[in-house]
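We're numbering straight along the sequence, starting at 1. None of the values given here were measured: they were computed from a predicted structure. Just follow the structure's listing: the first ligand is 1, and inside any ligand the first atom is 1. Values below: all heavy atoms of this structure, side chains included; hydrogens, waters and symmetry mates excluded.
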Amino acid sequence: MSIRPQKPAPATPAPGKVPLTELAEMKARRQPIVMVTAYDTPGGRLADEAGADLVLVGDSAAMTMLGHDSTVPATMDEMLMLTGAVTRGARRPLVIADMPFGSFQVSDEEAVRNAIRFVKEAGADAVKLEGAGAMLSRVRAIVASGIPVMGHIGLTPQSATMLGGYKAQGRSAEKAVGLLDDARALEAAGCFSLVLEAVPAPVAGRITRELSIPTIGIGASAECDGQVLVWHDILGLYEGRAARFVKRYAEVGETIRTALTEYAADVRERRFPEEQHTYAMPAEELALFEAATSERREHADDRG
Ligand code: KIV
């Protein structure tokens with residue numbers, strides 16, 4: 001009898017995790033899938049408590065967390081550190097690590113090696129990578145190693161220069177057909193889901209209806225099976241120009257600025273710390289301490 005498994009074993013899901021198969025069932029039930037980015041442990045925990053189904057540790061971290069002008073500089077080491085932080089906070093949602101630019105383009109082997117690092121070292125449940133075409137073999141190779149892959153087409157920020165900037169994609173019939181072909185090819189390559197970024201609603205709708213895997217839209221309309229937004233955009237933490245598709249649900253940046261300004265004023269005006277923020281010591285220990293230090297002071301005074 002052969003002991004060789006017919007299929008590679010997928011990474012073992014932790015108890016209480018959303019099963020990967022649930023996503024296709026949600027699509028079939030027409031139940032919208034909620035995805036949000038997060039980059040640290042409190043973010044993962046809050047996304048989980050808010051009921052997100054998927055948490056993406058996006059390479060948008062290069063911009064939102066690390067101050068770069070684009071997602072391109074994100075490194076494997078940075079993404080591993082951020083992904084590990086998120087997986088320690090998010091229990092129920094599937095945590096998807098975004099493969100940074102340069103970590104999967106060179107070869108199938110390197111893509112698989114880096115995807116495995118996300119699962120083994122950072123506890124990711126799946127990875128996401130941008131593009132189709134030459135990237136289809138990367139998807140096949142990573143899926144064959146037992147790691148679920150989410151695709152990403154439309155506006156793919158890692159190749160924004162090639163696309164002529166951060167612009168909506170698939171706005172001509174020819175380009176829209178190209179997107180539909182890419183979407184079909186990514187599904188055939190084994191993606192469990194597909195991000196559609198900055199794609200016209202009718203094109204997103206057509207792709208969504210054609211695929212059996214769920215589409216997750218960002219700037220791709222309510223025609224998609226789910227939606228994703230970037231943490232800093234939702235919460236009002238990102239100071240740059242917001243894309244058309246962003247909806248801000250809070251002004252947390254303003255709340256933080258007000259709190260820090262108040263704290264600084266309290267320190268300068270000696271209103272903080274107060275008695276309640278300090279530690280006491282037993283009276284007899286204090287007396288001993290004062291006696292010991294006053295003797296020392298006297299010796300020092302004698303020598304001086
Ligand atoms: O990096 C990211 O946050 C993303 C989302 C915008 C889908 O790729």
Legend entry - Derivation of the side chain to side chain contact (heavy atoms under 4.5 Å, CB included) call for Glu210 and Ile207: CA-CA 5 Å; Glu210 290 252 339; Ile207 293 173; 5.8 Å; no
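- Two residues are said to be in side-chain contact when any heavy atoms from C-beta on lie closer than 4.5 Å; Ile213 and Cys191 meet this criterion.
- Each of Arg92, Arg29, Lys27, Lys17 was checked for a salt bridge (Lys or Arg N to Asp or Glu O under 4.0 Å) with Glu22, and the lone residue meeting it is Arg29.
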Inset, instruction - Evaluate the criterion side chain to side chain contact (heavy atoms under 4.5 Å, CB included) for residue pair Val55 and Asp48; output intermediate values, then yes/no. - result: CA-CA 8 Å; Val55 176; Asp48 187 345; over 6 Å; no
Give a table of atom pairs where an N or O of ligand 1 lies under 3.5 Å from a protein N or O.
unit_1: ligand 1; atom_1: 1 (O); unit_2: Asp59; atom_2: N; d: 3.2
unit_1: ligand 1; atom_1: 1 (O); unit_2: Asp59; atom_2: OD1; d: 3.0
unit_1: ligand 1; atom_1: 1 (O); unit_2: Ser60; atom_2: N; d: 3.0
unit_1: ligand 1; atom_1: 1 (O); unit_2: Ser60; atom_2: OG; d: 3.3
unit_1: ligand 1; atom_1: 1 (O); unit_2: Asp98; atom_2: OD2; d: 3.1
unit_1: ligand 1; atom_1: 3 (O); unit_2: Ser60; atom_2: OG; d: 2.5
unit_1: ligand 1; atom_1: 8 (O); unit_2: Lys128; atom_2: NZ; d: 3.1

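- Side chain to side chain, Ser137 and Asp108 meet the donor-acceptor criterion of an N or O pair below 3.5 Å.
- Atom CG in Asp53 sits 7.0 Å away from atom CG in Leu23 (nearest 0.5 Å).
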